[in-house]
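I have placed the structure first, in the form of structure tokens, so that the comments after it can refer back to it.
For clarity, every value in this text was computed on a predicted model and none was experimentally measured. Just follow the structure's listing: the first ligand is 1, and inside any ligand the first atom is 1.
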Amino acid sequence: MNFFKKGDDKLQIDAIEDLKQKIFSACMPPEVREIAENELLTMSRISPLMAEYSIGLTYIEYLVSLPWNKRTEDNLDLRRAEMILSERHFGLGIVKERILEHLAVKTLLMAQGRQPHILIVDDEEVAVKNLEHILKRENYAVETASSGTEALRRTAMTSFDVILTDLRMAKMGGMELLEKIKISYPDTRVIVITAYASVETALEATKKGAFDYITKPFNLDAVRAAVKKAVESVSKASVKGSVICFSGPPGTGKTSLGRGIADALGRQFSRISLGGVRDEAEIRGHRRTYAGAMPGRIIEEIRRAQSSNPVFMLDEIDKMHNESRVDTAAALLEVLDPEQNSCFIDHYLDVPFDLSSVMFIVTANVADNIYEPLLDRLEVIEFSGYTEEDKEMIAQRYLIPRQIREQGLSQCPPKFNIEAIHKIIQGYTKEAGLRGLERQIATVCRKIAKETVLQKCPVEVLRVTPEVVESYLGPRKYDFEAATAKNRIGVTTGLVWTETGGDIIFVEAAKMWGSKELILTGSLGNVMRESAQAALSYVRSNAGTFKLPEDFFENHDIHIHVPAGAIPKDGPSAGATIAMALISLLMGRPARRDVAVSGELTLSGRILPVGGIREKILAARRAGIREVILPVKNRVDIDNLPAKMKKDVSFFFAESVEEMADKVLL
Ligand code: ADP
């Protein structure tokens, strides 16, 4: 039965012909092409009005639009890469160094990859000559040996990627050689050469760890294919575990550095955010049987980049939705694992796509929050917040010139003086990174742009001073909270570490008539609530030490509150701060506001070390803290900080609550 009129038929034939042409020019791997052609065949047999027709059409259109064979050539000039990275980013010395090392390793691996080393072991001269000839033409570095013993001598001198060995030889046969190689050089792939008659033995060899076998007389294509497969598996295994993870607070340059790496290598740059990903299908796509099925975001981004080897940034890997973490992580493991990602299967595509040349970089705010099996595969590079001096420098050299360009002020660029920059940083931002600072500078530049246009003639070079900043940005938003506030009884300053960097908190304690209740407020997490209970128990059990009446809790309630109640807070490091607030309250001694405390408290009053020291110290300086009291065991962290980070702050290392109280209470 014919469903169409003549004209419809013609249209369908044209459409099918068009697709056939597209399949032909899409440079797909043969197995994918076959699937596309089969799909096309099915389409040509059904009516264009049927749903399957349009599903097939969209599918083939999608397949042909993927960059199967399109890739950019890497520029591995390390000096150029170094220049690009330093032109765009101030500081970050250690990070840049690690990236250059990473590129250097890749370069070396690629160089090795270009000329894999192959050893042929056979006592039959003609066979050796034959194989040597075939493999040299494939551009491999080839050596030969006539026995297992000679082969072992050679492996001691050269590292071979692949060894092809005959099984029956006078001095040490292939099976024994295989066993010895597997022990001493487990990464070397061994291919066994055998006659047709002894395929059984070859199979036994595969059980013992041989990678593959080839049979005599040689089929040239089979030899080439087996060796190629072995070489590829070696080079993929050697870059295993080399996915970089940038971890640090927002705005510290992770994304822009990723972009810098892409530019340095001459690759396309792609990026997706994993924050809040709930469903594995977002990574791996939906099967085509679902209505409205779509490919996953990885394949979609590769298509958008139109390159099969972009630098691909997977943002916020630590923010993946908790409930679906296992499934999503499994999909991501497949994407990131060099052993598996050469044949990554997106459910929508339903054919493998080779992701092995993609350079994946993942980012996280806190590496510790990354799902353990994923973290295992990553090489974590820490980014830390910037000091005020760094921020001033970056604003002057990078952010202001960029905003001047972007807001169209290049003709008559305003001049920001250093006091103005200082004022923006201190009065209008409170962050570890630079996002807020860049936004505020952009606002100032936009306002200048508006004025320039309103006045219709370019104003003479505008000098941006603190007064100009205030007139554009309004009254300052942040103050030196800690330094300026009055010392009070029952209020202490603490340092905490959050996903957005370090911060200061104030812990408040109050006492009233009641029935021995401990009230905790301020969106405290479980660990912090327990710290508060431990702190109270410590003070109660050591009432004598602090000259408190033994029954101070008898007819009272105690309330501990941490302001900024809308922000959830957790972690053990506020234990010592809470204890200080309680002791200050109960002893009636005011606590110094400009002294900040961080430390985990044990029931016996010892102070245990805490993490995130770098970010905490930066936060302390931002808030105008003069003295920081830390656990003794954190002394090494402070010793390891660069001097510029410790400017204007003095440190005291305490072992016990009493020592801390002496410093904090007036
Ligand atoms: P993240 O990805 O860590 O949140 P971004 O890469 O988005 O941070 O950085 C925010 C802004 O700060 C960008 O405009 C970036 O260029 C700038 N920036 C960050 N670090 C530096 C630096 N060291 N030197 C120059 N600019 C920087």
So is Pro250 close enough to ligand 1, meaning a heavy atom under 4.0 angstrom away? yes
Quiz question: by atom type and distance under 3.5 Å, do the side chains of Arg621 and Thr387 form a donor-acceptor pair? no
Closest to atom 14 (O) of ligand 1 among protein heavy atoms sits Glu438 OE1, 2.6 Å
Nearest protein heavy atom to atom 4 (O) of ligand 1, by residue and atom, and its distance? Arg435 NH2, 2.4 Å
What is the closest protein heavy atom to atom 2 (O) of ligand 1, and at what distance does it sit? Thr255 OG1, 2.4 Å
Number the atoms of ligand 1 from 1 as they appear, then name those within less than 4.0 Å of a heavy atom of Leu92, with their elements. 23 (N)
Angle class for the Phe383/Phe246 ring planes (parallel below 30°, perpendicular above 60°, tilted otherwise)? tilted
Count the heavy atoms of every other residue, nucleotide or ligand shown that sit under 6.0 Å from CD1 of Ile94, and state whether that count exceeds 12. no
Do Asp503 and Lys430 sit within salt-bridge range, that is, some charged N less than 4.0 Å from a carboxylate O? yes
With a 4.0 Å cut-off on heavy atoms, does Arg397 reach ligand 1? no
Of the backbone atoms (N, CA, C, O) and the side-chain heavy atoms from C-beta on, which set of Leu434 has a member under 4.0 Å from an atom of ligand 1: side chain, backbone, both, or neither? side chain
Are Asn309 and Thr72 close enough that a side-chain donor and a side-chain acceptor fall under 3.5 Å? yes
Which bit of Phe246 is near ligand 1, meaning a heavy atom under 4.0 Å away: side chain, backbone, both or neither? neither
Please confirm whether Tyr386 approaches ligand 1 to less than 4.0 Å, judged on its heavy atoms. yes
Distance to 0.1 Å, residue and atom name: give those for the protein heavy atom nearest to atom 24 (N) of ligand 1. Phe90 N, 2.8 Å
Among all protein non-hydrogen atoms, which one is nearest to atom 10 (C) of ligand 1, and what is the separation to 0.1 Å? Gly251 CA, 4.0 Å
Of the protein's non-hydrogen atoms, which lies at the shortest distance from atom 15 (C) of ligand 1, and what is that distance? Ser256 OG, 3.3 Å
For ligand 1, which part of Tyr398 has a heavy atom less than 4.0 Å away: the side chain, the backbone, both, or neither? side chain
Between Glu301 and Arg271, is the salt bridge (Lys or Arg N to Asp or Glu O under 4.0 Å) condition met? List the steps. CA-CA 7 Å; Glu301 267 311 306; Arg271 178 176 174 219; over 6 Å; no
Can you pull out the closest protein heavy atom to atom 8 (O) of ligand 1? Residue, atom name and distance to 0.1 Å, please. Gly253 N, 3.1 Å
Is the ring centre of Phe353 less than 6.0 Å from the ring centre of Phe344? no
Out of all atoms in ligand 1, which are within 4.0 Å of some heavy atom of Arg88? Include the element for each. 24 (N), 25 (C), 26 (N)
To check your reading of the model: name the closest protein heavy atom to atom 3 (O) of ligand 1, its residue, and the distance in Å. Lys254 NZ, 2.7 Å
Could you tell me whether a side-chain N or O of Asp318 sits under 3.5 Å from a main-chain N or O of Ala364, the two making a donor and an acceptor? no
Side chain or backbone of Arg402 under 4.0 Å from ligand 1, or both, or neither, by non-hydrogen atoms? side chain
Check each heavy atom of Ile394 against ligand 1 and say whether those closer than 4.0 Å belong to the side chain, the backbone, both or neither. side chain
May I ask you to check whether over 12 heavy atoms, not counting those of Lys646, lie within 6.0 Å of atom NZ? yes
Given the side-chain rings of Phe90 and Tyr386, with only the six-membered ring counted for Trp, is the space between their centroids under 6.0 Å? no
Whether the side chain of Thr492 engages the backbone of Thr577 through a donor-acceptor N/O pair (distance < 3.5 Å, no angle test) should be reported. yes
